[in-house]
Amino acid sequence: MILGFLFMGLGMLGVILPLLPTTPLLLLALFFFVKGSARFEAWFKETNIYKKHLEGFVRDKSMTLKQKMSINLFADVMIAIPFFIMDNLWIRLLLLGVVGYKYYYFFTKIKTVTR
């Protein structure tokens with residue numbers, strides 16, 4: 001339950017701060033609420049933050065272009081750190097493959113909607 005509230009708080013900060021991706025953090029919060037208590041799961045699903053940022057994704061696997069871009073750009077920054085720190089060519093190629101697959105998945109497997 002504590003982790004659910006932690007990730008919910010970080011997700012709410014992500015609404016305001018452009019560097020924090022809102023959707024993945026709220027998905028983590030939902031995961032921990034589901035594992036922790038049916039009552040907290042039901043409560044979380046009734047909040048405005050869930051309805052605005054997660055309901056569409058959970059219901060029909062869709063996201064807005066803004067959601068997709070913020071998640072991908074945040075992930076790119078996180079992947080860039082080991083890319084520039086590591087000196088191994090194979091690890092760098094693997095990281096580039098992860099970035100390429102991530103964009104492929106987000107833009108071909110997850111529907112883009114306007115809300």
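Throughout, residue positions are numbered sequentially from 1 according to the sequence presented.
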Under the side-chain contact (heavy atoms from CB on, under 4.5 Å) test, residues paired with Phe107 that sit two or more places apart | Leu65, Lys68, Met69, Asn72, Tyr103
Return the set of residues passing side-chain contact (heavy atoms from CB on, under 4.5 Å) with Leu27 (not counting sequence neighbours), or none when no residue passes.
-> Thr23, Leu54, Phe57, Val58
Got a list of side-chain donor-acceptor pairs under 3.5 Å for residues 31-44, not counting sequence neighbours?
| residue | atom | partner | partner atom | Å |
| --- | --- | --- | --- | --- |
| Ser37 | OG | Arg39 | N | 3.1 |
| Ser37 | OG | Phe40 | N | 3.3 |
| Glu41 | OE2 | Lys45 | NZ | 3.1 |

How would you list all residue pairs meeting salt bridge (Lys or Arg N to Asp or Glu O under 4.0 Å) that involve residues 88-107, not counting sequence neighbours?
-> Asp76-Lys102
Flag side-chain contact, heavy atom, 4.5 Å: Thr22 against Ser70 = no
How long is the span from the CG atom in Leu6 to the CE atom in Met1, to the nearest 0.5 Å?
-> 12.5 Å
For Leu26 and Phe7, run side-chain contact (heavy atoms from CB on, under 4.5 Å): C-alpha distance rounded to whole Å, both residues' side-chain angles, the deciding distance at 0.1 Å, then the answer.
-> CA-CA 6 Å; Leu26 293 176; Phe7 286 112; over 6 Å; no
Do the non-hydrogen side-chain atoms of Trp90 and Leu93 ever get within less than 4.5 Å of each other?
-> yes
What salt bridge (Lys or Arg N to Asp or Glu O under 4.0 Å) pairs are there with at least one residue in residues 4-13, not counting sequence neighbours?
-> none
Around Met78, counting heavy atoms of other residues, nucleotides and ligands shown, do more than 12 lie under 6.0 Å from its CE?
-> yes
Thr112 versus Ser62: any side-chain heavy-atom pair under 4.5 Å?
-> no
If Ile, Leu, Val, Met, Phe, Trp and Tyr residues are connected whenever their side-chain heavy atoms lie under 4.5 Å apart, and connections chain through other members, are Val77 and Leu94 in the same group?
-> no
By side-chain contact (heavy atoms from CB on, under 4.5 Å), Ile85 pairs with (sequence neighbours left out) Ile81
From Gln67 atom CD to Ile110 atom CD1, the distance as rounded to the nearest 0.5 Å | 10.0 Å
CG of Asp87: more than 12 outside heavy atoms within 6.0 angstrom?
-> no
Residues at least two apart in sequence or cross-chain that pass side-chain contact (heavy atoms from CB on, under 4.5 Å) with Phe84, listed by chain then number, are Ala80
More than 12 non-hydrogen atoms from neighbouring residues, nucleotides or ligands closer than 6.0 Å to CD1 on Ile2, yes or no?
-> no
Please identify each residue that fulfils side chain to side chain donor-acceptor pair (under 3.5 Å) with Lys111, with sequence neighbours left out.
-> none
